[in-house]
Protein chains: 2
Amino acid sequence: MAPQLAEFDHTTFTTTSQLKKSAHLTNGFSHHEDIRDENPEQDLSDDEFATISIRNLVHDLCMQNGGGHGGSALGMAAIGVALWKYEMRYNPCDPEWFDRDRFVLSNGHASMFLYTMNHLVGYNVWTMEQLKGYGAAKLNGYTTISHAHPEIEVPGVEVTTGPLGQGIANSVGLAIASKNLAATFNKPGFDVVRSRIYCTTGDGCLMEGVALEAIALAGHLQLDNLVLLYDNNQVTCDGPLEWVNSEDINTKMRACGWEVLDVLDGTNDVQTIVSALSYAKRLVGKPVFINIRTVIGAGTAAAGTAKAHHGVFDKESVAKSKALTGLDPEKSHVVPQRALDFFRERRAAGTALAKTWSDLLARYAERFPELHESLDARRRGICGDFDQVLSGIDSQQLRGLATRESNGVILEKLWKSCPALCGGGADLANSNKITYAETDVFHPLTGYKGRYLRHGIREHAMASIANGLAAYSPGTFLPITATFLIFYIYAAPGVRMGALSGLQVIHIATHDSFGEGQNGPTHQPVEIDSLYRAMPSLQYLRPCDAEELVGCWQIALSARHQPSMLSLGRDPVGQVPNTSRDKVKLGAYMVAEEADADVTLASCGTNLHYVVSAAELLKKRHGIKARLVSAPSLDLFQLQDEHYRAAIFPLDGKPVISVEEYVATTWARYVTASIGMTSYGYSASNESNYQRFGLDAKGIEGKVVAYLAKLQGQNARTAGWHQL
Amino acid sequence: MAPQLAEFDHTTFTTTSQLKKSAHLTNGFSHHEDIRDENPEQDLSDDEFATISIRNLVHDLCMQNGGGHGGSALGMAAIGVALWKYEMRYNPCDPEWFDRDRFVLSNGHASMFLYTMNHLVGYNVWTMEQLKGYGAAKLNGYTTISHAHPEIEVPGVEVTTGPLGQGIANSVGLAIASKNLAATFNKPGFDVVRSRIYCTTGDGCLMEGVALEAIALAGHLQLDNLVLLYDNNQVTCDGPLEWVNSEDINTKMRACGWEVLDVLDGTNDVQTIVSALSYAKRLVGKPVFINIRTVIGAGTAAAGTAKAHHGVFDKESVAKSKALTGLDPEKSHVVPQRALDFFRERRAAGTALAKTWSDLLARYAERFPELHESLDARRRGICGDFDQVLSGIDSQQLRGLATRESNGVILEKLWKSCPALCGGGADLANSNKITYAETDVFHPLTGYKGRYLRHGIREHAMASIANGLAAYSPGTFLPITATFLIFYIYAAPGVRMGALSGLQVIHIATHDSFGEGQNGPTHQPVEIDSLYRAMPSLQYLRPCDAEELVGCWQIALSARHQPSMLSLGRDPVGQVPNTSRDKVKLGAYMVAEEADADVTLASCGTNLHYVVSAAELLKKRHGIKARLVSAPSLDLFQLQDEHYRAAIFPLDGKPVISVEEYVATTWARYVTASIGMTSYGYSASNESNYQRFGLDAKGIEGKVVAYLAKLQGQNARTAGWHQL
């Protein structure tokens, strides 16, 4: 074994003699006094007792099924006491209490930290039995809420986390939500929205690009209701942090517009963390980064090393730790009454908080009835009268516009009618055709009343911020994001987490083919749809015209627990007959029938227009009769019954051909052959690209004719799928 | 129109009276003297004349086809003079000269800047005719090298850029490559590798997470051969930068370990930029960030505003600018002889540089014959004796290991034999089973001789850095990356750019299913394969055992112009009969034939093992005889002829069923039914997940039986594809 590149100091603060007292926040330094050495539990202060009680429960969760990510949870115990006992406003008796502070565990692998806290403060669902489920979900019928990573469906979990960095961006979204609601609804003496956002992060999250994007934006937006607590344990999964990072994180955060506070012994020193949090609450105009030095695996033999990152701990240390609070080391899953008393009073406190708030809200309703009604509607997830807006749109008036242009028109109308709509693009607003008033920008200068978010060129953060907005309280916000379809590959991890979390976000993906304005293959999606069409729960919708786009919006707005992606074209295109907003929900439907047709042609988006022309050529020049299918959503089509599916894509052996400017794999479920891309695109004019890749009317015509000739009347189904 | 949130100062420096002289780099400040007002071209210094000549050519490119991204190119003209005339070591007569400095245009939309410079200094291929092709590639037969974004296939372009931020990470890869080669091959008096890396960036790149990740790593690695020139024009596509960013970028860069220099009038002040570059060259132990204040669209009516970002410029300004260098405003695409003389001497200079280097190399060959031979082999892309290493691996000895474990063993052998192999993981080395010696880490403390890269938790930067390494000189480096398959969704934009660019990178994606260690759905890829299987040029390889894995490595190492992704399992699994390293290249092949089979079952990876067991159950309990197909690569299978494809997946109407723990769309091309995922995974033990989702032997058995019963002997092809 070669020597380590540098030595790593893994000082531990594990015994009572090492517990630090009387620490105060003084210009980023803590002053410590070492005291006492004997008579463990009587000597311990309430904070110390609580801290060690958290650790002991974490030990049990680690040991019960042979592992998990316990190291950070041990190191963060004092942070847990500071947040759940002293700082956060929440109600264990009602996890969904509207004005609660939101906690995000961006270092989601430390889930047992959150679960332990939820149990200790007395969330109803977070019983000891549930904690025992951690790492035990082995059988088909067995369910537990103690998932390996926090999952949003579970009470007491605000967002699903695990993939690093995204929790920080979610927190920025939550902070924007709270700021915006407060700006919109609070009145002097009536602060009906006060919720603050607390997010813990490890070293890992702070290396991820998505977090760095979100941090820069949070500083820019001066989100002073956001506190990021850095569990600075200087260790990653592989080894000491200094192996991979040597930046000055405090200076970096300050440069991004954050206030930075230091806590030097965050492993034990509860009251310094409390002081820092208290100071943070008084700061105006900056989000706050609290750099809390902790020891991973505190109190165990692996303390301060990568070995503590995951896995079990040594029994001796666990026994010692239990003895500190007077527990029998042989027993597990026992919380001393002293700790329970210490934490469980949060139930009564939470109930009182919620009561005070309800009373305030009642007075608010009397004094500001309209505002109250409006807030109430938001909370109930009423999304304006979008049905009426959409049914009022005459798609004939949008004829000849590119779908991105039609979308701009529709969005503008919806924006006015639906106050929950919020969000915006990652630069490119002009290209995405998203118009907004300067006064409607979310920004300190507009007093945070604006709903349009300028994300900067930060696609991944944009998607994850949207998830945070959507997660604030179901239906209260309905976020949109926007960029070119190709750049949704930057945002993909966020889009995925939104889909997994069942969050309604509408992604507006323009420039959705090689017809994107000749930027070239770097900007031309040919395979991005394959990801999004395969992504469970995400609805990828590719309308061919304004009429279908109206249907897509109806679907996207109605799906309260799913994100949707609107895939839109850059250029104006020709007419497709018989498109129907109402039929979009079928996923695919006939736009042109033909008696005794020779072939079925299916397409969507821009390419469908070329298919319409190709069908004319086929008939005129070759006497080939084609049925035409518009398929704006393969996801929705797959949900239809077999009978309907066979009516659209017949199984009678006649050829069924898909045509789309993408790699064709997703179509193969339904068709006998596909005309599509097998390579990247080309930097050339939009029209010429259709010609170049054989996807214009002529190209399609030629390929269909050749395919039919090859089949020679053979049953196309038994001939197997063909790439044309 | 609402008022702008803040005023934006768009001072322009456009007339001769505003051209600044005698500027010197002094503690980050430039001192200017305003001089002269009349007699344009005689009054201009050579630098000024050159700067304006660049702008005039850019004007022509913008105007010739009605647009493009000209604004940054105009603002960067002085940077162009500083780099191409004074700073960079390159040879226009031999774009591939090995020891050239590498230039990366991370703000790739400003491609005409690079093209203009390449033309002016006299690259053979960069004729005026080629420049005229910019924006003109409208017809099918028409080709040009003046693509909208720089493409790596073109001489004088080091990497393909456009999607923002990635060029910075590519540059970090290039800098690592040069550092590592220098450390390995240079000897006192024999600096055979001296290449430095210059990268320009706009505001956009610096907001992107991938850039921020790469910047942190470059500072950590103390890459003092890397210079990042910030075209600080304070404008994005949508508007002034301050709309979306208010960070202190200089402080942020310093916090990341970079040296920061300021140039206040980068629009015109060539010699201050030269001084900064010169100073940068003398610095040791830090990459250098030169913050160069420029004016977008300098010299036009749109100067300093978002209007200048793309599109045409006003004719009056263009005419004025041409007049400055004595050009007839009515004529276009003319470069004054004075400018040509000024720039074209780089041809002779470059030839001389290359000659000096060749002479040095010849002396080096005499003095250090073994090193020279080794360097020569690297340059010729000889990848060790990998064939021999691989053929020496007895997969029987790796029986019972998880494929990630087998991969660790294989990689260790290859690493020793193939000096071009380099790279590493994004944390998780223990999980990815990538072993390395501490002394083999690329780091200042190892004198940069190590080949193992610790990327930190920076997946996107990792992929883009790998692209930079691969792009340094074809075959000289063969980078690997590693993380969980799920986290390749973070890296996807980089993986895509590598595939588009034809760069050989091997991505090691472990934990490739819901059998990933019960982390839960956040960590369980069910749709990521759909992206990578659809991504042109990327080879997604999913072996079921060590034998197939050997074949996968053969394919990945042999594909010199394609990236590959090895999709590997976490857990040990059972035996699959008749697997063959040699047959992997067919993409899919028979591992068990049955005369008069009732059904064909196809799978790959971990799930294939369950299929083998399912086949036994089907036979024993139901008398159903199954043929078994192992399909490690659908990409490669699609390349086989129809005859072979039909031999594996018969078209006789008998059922052909795919089984895989992914969303099944990609299989539908070949099979009549698929057993797969239609939802996200679940946080539970690996084995129980196979049971939970009906993908274990019993689950497969039940679904196959039900499907056959439903078919009742009907031709499975004509029954259409079924999701089971």
Side-chain angles (χ1 to χ4, degrees), chain A residues 2 5 137-138 140 147-149 162 204 207 209-210 212-213 216 220 236-238 244 246-248 251-252 255-256 427 429 437-439 445 454 456-458 489-490 492-493 500 519-520 522 527 530-531 534-536 651 663 665-666 668-669 679-680 683-685 688 691-692 717-718 720-721, chain B residues 2 5 137-138 140 147-149 162 204 207 209-210 212-213 216 220 236-238 244 246-248 251-252 255-256 427 429 437-439 445 454 456-458 489-490 492-493 500 519-520 522 527 530-531 534-536 651 663 665-666 668-669 679-680 683-685 688 691-692 717-718 720-721:
Chain A
L5 287 179
K138 286 184 174 148
N140 212 341
H147 304 299
H149 291 84
M207 281 186 259
V210 58
L212 299 172
E213 291 173 5
H220 172 71
T236 76
C237 195
D238 276 9
V244 291
S246 40
E247 68 191 13
D248 174 352
T251 302
K252 188 171 173 179
C256 291
D427 221 40
E438 289 288 334
T439 49
L445 293 178
R454 288 185 178 132
I457 304 167
R458 305 178 178 107
I489 195 172
Y490 278 63
L500 172 60
N519 282 309
T522 54
E527 81 287 36
S530 289
L531 174 65
M535 189 174 276
L651 300 169
V663 174
T665 52
T666 52
R669 289 170 283 177
S679 70
Y680 292 104
S683 171
S685 74
S688 76
Q691 185 186 340
R692 186 180 305 267
R717 294 277 162 193
T718 60
W721 177 81
Chain B
L5 287 179
K138 289 184 174 149
N140 213 340
H147 304 298
H149 291 84
M207 280 187 260
V210 59
L212 299 172
E213 291 174 5
H220 172 71
T236 76
C237 196
D238 276 9
V244 290
S246 41
E247 69 191 12
D248 175 351
T251 301
K252 187 171 174 180
C256 290
D427 220 40
E438 288 289 333
T439 49
L445 292 178
R454 288 185 179 131
I457 304 167
R458 304 179 178 106
I489 195 173
Y490 278 63
L500 172 61
N519 282 309
T522 54
E527 82 288 37
S530 288
L531 174 65
M535 189 175 276
L651 299 169
V663 174
T665 51
T666 54
R669 288 170 284 178
S679 70
Y680 291 105
S683 171
S685 74
S688 76
Q691 187 186 335
R692 187 180 305 268
R717 294 275 163 196
T718 59
W721 177 82

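Computed from heavy atoms alone, side chains included, the values below leave out hydrogens, waters and symmetry copies. Just so we're on the same page: letters track the sequence lines, and every chain starts at 1.
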Do you know which two heavy atoms are closest between [X] and [Y], and how far apart they sit?
{"X": "A/Y680", "Y": "B/P536", "result": "OH-O, 2.8 Å"}
{"X": "A/S246", "Y": "B/H220", "result": "OG-ND1, 2.8 Å"}
{"X": "B/A684", "Y": "B/S688", "result": "CB-OG, 3.4 Å"}
{"X": "A/A148", "Y": "B/S683", "result": "N-OG, 3.0 Å"}

Which residue out of [options] racks up the most heavy-atom pairs below 4.5 Å with chain B?
{"options": "A/I457, A/T666, A/N519", "answer": "A/I457"}
{"options": "A/T251, A/L212, A/D238", "answer": "A/D238"}
{"options": "A/G209, A/P493, A/A492", "answer": "A/P493"}
{"options": "A/G720, A/G204, A/A216, A/A255", "answer": "A/A255"}

B/V663, part contacting chain A, at a heavy-atom distance under 4.5 Å: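 B/V663 touches chain A through side-chain heavy atoms alone.
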
Contact check, side chains of B/R458 and B/Y490, non-hydrogen atoms, under 4.5 Å: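 No - every pair of side-chain heavy atoms lies 4.5 Å or more apart.
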
Residue selection (most heavy-atom pairs with chain A, distance under 4.5 Å) from [options]:
{"options": "B/E247, B/R669, B/H147", "answer": "B/R669"}
{"options": "B/R717, B/E213, B/M207, B/M535", "answer": "B/M207"}
{"options": "B/L500, B/D427, B/T236, B/T665", "answer": "B/D427"}

Distance (rounded to the nearest 0.5 Å) between B/C256 SG and A/D248 CG: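 Nearest 0.5 Å value for the SG-CG distance: 9.0 Å.
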
CG on B/L531 to CD1 on A/I489, rounded to 0.5 Å: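 CG of B/L531 is found 5.0 Å from CD1 of A/I489.
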
Heavy-atom proximity to chain B below 4.5 Å, by part of A/S679: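 The backbone, not the side chain.
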
